[in-house]
Amino acid sequence: MKFRRLILANLFRKKIRLILTIGSFAVALFLFAFLGVVRGAFNRGADVAGADRLVVIDRVSIINLIPLKYRDQILQIPGVKCITHNNWFGGVYQDEKNFFPQFVIDPENQRQVFPELVVPDDQWNNFVKDRQGAIAGARTAERFHWKIGDRIPIKTTLYGGGSWEFILDGIYHGQRPENDETQFWFQWDYFEERIPQAIKGQIGWYVLRVNSPDDAVRVAKAIDAKFANSPNETKTETESAFAAGWVKQFGNIQFLILTIGSVVFFTLLLVTGNTMAISVRERTSELAVLKAIGFSGRAVLFFILAESLVIALAGGVLGLSLALLAVPALAKALNGMLPQLVLEPSILVVGLFAALAVGIASGILPGLGAMRMRVVNALRRV
Amino acid sequence: MVRVDGNGGSQSLIRVRGLNKTYSRGGEKIQVLQGLNLDVDKGDFVAFMGPSGSGKTTLLNLLGGLDVPSAGSITVAGDEITHMSGSKLTQWRARHVGFIFQMYNLIPVLTAYQNVELPLLLTKLSGSERRKHVETALGVVGLADRMRLYPRQLSGGQEQRVTIARAIVSDPTFLLCDEPTGDLDRKSADEIMALIEELVAKYGKTVLMVTHDPVVAARAHTTLHLEKGVLVEGTASSRQSVLAGGAA
C-alpha cells in the first residue's frame, strides 16, 4: 500500500508516546485475557456439565448428609438411567497447601455417570478389587509425581481423624481439556468401614443421569416430591445449575469480572482517545497541507484510523501473547488451587476485536474532526 | 497578459468575475473582496500586494479552491470551480494547483523525497514512475543530492525548495505562492525567486504570488495591489523605483 510509509512515519513520530500507548493496550489486553481465564475457570463446572446429569443434595445445605437408601427409590423413578453417590473427604496430603479434592465414590456406577473421565480398564479393574485403592486425576498425579502402586497417606480431621492410606491403582484423564483432572477418588466400602457409626449409610450427594435431557425437569421434580416432608428433604437440579450455584458462593464473580473489565477498557479508551486527539492536534497544519494538495477528508480520516488501529493491534497482540505465555505458567504455579486455567481461543479472538474496537473508537473523533477541518482555518493557525 | 477590468477574453487561463467574499465576525459583516475581476494568461507571473487584512491570502485561497466565494465566479482552464462540491474541488486541486507556503509546511517525519512524492500518491503512477517524477522535480530545484534528508536537516531555503518541488511534481496548471520568501533571509529569498522565475521562463509555469516585499514583487511580470476589495494594477514607474531601490 502506497500510504504505508506516511502512516508508519506518523506512528513513529513520538516513540515514547507510541511505546506507552501500545503498552497501555498490552496491559489492558493481558488483564482482559487473565480475567477471561479466571471467569472460565469458575464457570468451567457449568460449561462441562452433562446436559443429562442431575445432582441431588440435602434441601438445607450440601454439608448435610442424605441417606444411601434413597438410591434405590430414585432409580425407580421413570427416566433415571443410572446413579452414583459421592462424599467429600477433605483430607490433607503432607501439607495443607497441597490441596486437591478427594471424593468417596461408588465404583459400580462412577464410570457410567461420568464417562468423560476415562480410566484404562486394567487400572479400573485393579481399583475395583482393591478396597484401599484410589484413582487420581492426571494433573494431581503429575503434580506429586505419583505412579501406579504408590502408597498415599491422607490425613483427615473429619470421620474420626487420623491418616488414611491409599494405594494408587489408576489415573484418569479428561476427554476434553477443560475436564477437571485434579480429583482423587477412593472406594465407598473402605470409607464406610472406617467412619463413625453415627454417619454410616449417609452420603454427600447423588449424581444421576436421565435418559434424555428433556426428562431432567420432570425427574428433578419427582425426586424432590418423593422425599418431601421426610427428615432429609432433597434439592435436585441440573449439574450446570449446581455448578453455577457453587461458584456463587464465592460472590458474583461474573459481575466482578465484567465490572473490572469494563473499567479497564473504558480507561484505555480515555487514555488512547486523549493520545490520538493530542497527536492529531499537534499536526493540524500538516493535515491541512495534505488536504490542500488534494488528499480528501476521507483519506485523512483513514490515516488517523489506520494509526489508531495499528497501535491497538500491536498492543493487543503483545498483551495477548504475554497472556499466552503467562497463563500456563500461572496454571502450573497454582496447581490445584483454582480450577483448570485455560486461555481459550475465544478469549484471544474477543480480546483482539475489543482492542480493535477501542482503536477505532479512540481514533474516530479526532479523525472526524480532521476530516471536517477547513483547510483555510487550519492554515491560518500556523 | 493580466487584466483586472473584467474585459479579458475567454481564452484566459484564469478568469475571475465579480468575486465577493464576506466574513462574519462577532455579528459584524466584513467584506474583504468586492466584485473583483481578474484575467491571467498561461505563463504569467503575477504578484499580489496590499496591506495586512486587505484580502491577499483570501484571494489566493479562493483561486486555489481552498475557500468558496460569497458571490462571483472563478474559471480555471475552462473549469468553473465556484460551484464544485467539496470532493470535486479536492480532486481539482490535486490536478491543477501547486501550493507554496511561507512556512514550507513539510511533513517533518518524511524525507525530502517522500514529501515531494506526496501529491503523486493520489495518482495512478507506479512506484518507478513516481520515482522519476520526484527525482526530476528535486533536480529542477537543485536538491537531487539532498533527497534522503529530513526537513530538520535542511536550511530554510532548502526546505522552501522542497516545497516548490512538491508543488511542481504533479505538473499543475498553476502555482500559488503565499509569501514564499517571508521566512527567508535576503540571499535565500533571491535564490527562491530566481527559481520561481526559472519555472516561469523555462517551464512556462503560471505563478500567482502574494507578498509584502516590493523587491520580491518586482520580480513578477505584473504586480497587482488589493485596495478596498478590488485589484489595481501596479505602475511601471513604481516597479522601476523598487528595482532601483533594491539595487541601491
Side-chain angles (χ1 to χ4, degrees), chain A residues 1-19 21 275-276 278-304 306-308 310-311 367-382, chain B residues 21 23 57-58 60-62 64-68 85-111 113-127 129-130 150-151 163 166-170 172 176 178-179 182-183:
Chain A
M1 194 185 82
K2 56 189 175 183
F3 300 121
R4 189 186 66 238
R5 216 156 36 187
L6 179 61
I7 293 166
L8 288 179
N10 278 321
L11 260 179
F12 286 97
R13 177 183 291 253
K14 305 253 177 176
K15 292 187 182 64
I16 291 178
R17 183 163 70 194
L18 175 69
I19 290 167
T21 314
T275 305
M276 287 309 296
I278 292 171
S279 164
V280 169
R281 195 178 171 78
E282 279 173 354
R283 45 196 164 113
T284 302
S285 62
E286 292 171 31
L287 296 171
V289 169
L290 286 181
K291 291 177 85 170
I293 64 177
F295 284 84
S296 65
R298 282 184 186 181
V300 170
L301 173 65
F302 166 75
F303 294 149
I304 292 165
E307 281 177 44
S308 60
V310 169
I311 291 173
L368 285 174
M371 185 176 99
R372 293 173 186 152
M373 168 183 72
R374 290 192 68 219
V375 180
V376 173
N377 295 344
L379 288 175
R380 203 175 286 152
R381 278 192 238 158
V382 179
Chain B
K21 182 66 186 177
Y23 289 112
T57 300
T58 299
L60 218 60
N61 288 337
L62 291 169
L66 295 176
D67 204 353
V68 286
S85 66
S87 58
K88 282 242 170 182
L89 209 50
T90 302
Q91 290 170 8
W92 176 83
R93 279 201 304 272
R95 272 204 319 274
H96 294 286
V97 193
F99 287 97
I100 299 166
F101 303 99
Q102 177 184 351
M103 302 303 294
Y104 328 130
N105 286 340
L106 297 173
I107 310 284
V109 290
L110 298 180
T111 62
Y113 177 94
Q114 291 162 348
N115 266 289
V116 175
E117 191 188 21
L118 279 175
L120 300 181
L121 297 180
L122 296 164
T123 67
K124 289 179 179 170
L125 294 176
S126 67
E129 287 169 326
R130 290 202 301 270
Y150 287 89
T163 309
R166 183 178 68 186
I168 62 172
V169 72
S170 54
L176 292 176
D178 192 358
E179 301 274 10
D183 206 42

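What you see below is based on every heavy atom in this structure, not just the backbone, and it leaves out hydrogens, waters and symmetry mates. Chain letters run A, B, ... following the sequence lines, proteins first, then strands; residues in each count from 1.
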key: Toward chain A: residues of residues 86-94 of chain B with heavy atoms under 4.5 Å   = B/T90, B/R93, B/A94

request  = Check A/K14, A/R13, A/R5, A/R283 against B/V109 for a side-chain contact (heavy atoms from CB on, under 4.5 Å) and give me the one that passes.
outcome  = A/R13

Just how far is it from atom [atom1] of [X] to atom [atom2] of [Y], taken to the nearest 0.5 Å?
X	Y	atom1	atom2	result
A/K2	B/T123	NZ	OG1	5.5 Å
A/S285	B/L106	OG	CG	10.5 Å
B/L121	A/L6	CG	CG	7.5 Å
A/L379	B/L66	CG	CG	7.0 Å

Segment of [X] engaging chain A (4.5 angstrom heavy-atom cut-off):
X	result
B/S126	neither
B/D67	both
B/E117	side chain
B/R95	neither

All side chain to side chain donor-acceptor pair (under 3.5 Å) counterparts of A/S308, not counting sequence neighbours = none

Partners meeting ring-ring contact (aromatic ring centres under 6.0 Å, His included) with B/Y104 (sequence neighbours left out) = none

message = Does anything in residues 290-303 of chain A reach chain B? List residues with heavy atoms under 4.5 Å apart, or say none.
response = A/L290, A/K291, A/A292, A/I293, A/G294, A/F295, A/S296

